[in-house]
Amino acid sequence: MKSYIRKWMPRYFSNILWGARERWGLEAVKDDPCWIEWQKTYENFYSANQREGFGIKVNDGGYKV
């Protein structure tokens, strides 16, 4: 049985951390402009962190193992 911390948190904090799921649902609307912007932002952030800074050290460390 899984126990989710968001069930035990006050709704105010839960909504800040995980969004208002009761209001907006669990699935993203694929053609929502905010969702499209988020995907681009996340993809750029993820890619940049895999190729430089601490991310490259972690990735290269994995190859050595």
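All values below come from the heavy atoms of this structure, side chains included, with hydrogens, waters and symmetry mates left out. Position 1 is the first residue of the sequence; numbering continues from there. Note that this is a predicted model, so its numbers are computed, not measured.
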Practice task
State plainly whether one hydrophobic cluster holds both Leu26 and Trp18, where clusters connect Ile, Leu, Val, Met, Phe, Trp and Tyr through side-chain heavy atoms under 4.5 angstrom apart.
Solution key: no

Practice task
On the 0 to 90° scale, with breaks at 30° and 60°, tag the Trp38-Tyr42 ring pair as parallel, tilted or perpendicular.
Solution key: tilted

Problem - Flag if over 12 foreign heavy atoms under 6.0 Å of CD, Glu22 - result: yes

Fill in the blank from the handout: Closest non-hydrogen contact found for Lys30 with Ile36 is O-CG1, 3.7 Å

Completion exercise
Closest heavy-atom pair, Ile56 versus Gln50, reported as atoms and distance to 0.1 Å, is CD1-O, 3.6 Å

Exercise for the section: Answer whether the closest heavy-atom distance between the side chains of Arg23 and Asn15 falls below 4.5 Å. Expected result: no

Practice task
Check the surroundings of atom CH2 in Trp24: do more than 12 heavy atoms from other residues, nucleotides or ligands lie under 6.0 Å from it?
Solution key: no

Handout entry: Step-by-step side chain to side chain contact (heavy atoms under 4.5 Å, CB included) determination, Ile5 to Phe13
Key = CA-CA 11 Å; Ile5 191 171; Phe13 292 117; over 6 Å; no

Handout entry: Hphob cluster co-occupancy, Val29 + Trp35, side-chain heavy atoms under 4.5 angstrom
Key = no

Fill in the blank from the handout: Here the gap from Asn44 atom CG to Asn49 atom CG, rounded to the nearest 0.5 Å, amounts to 11.0 Å

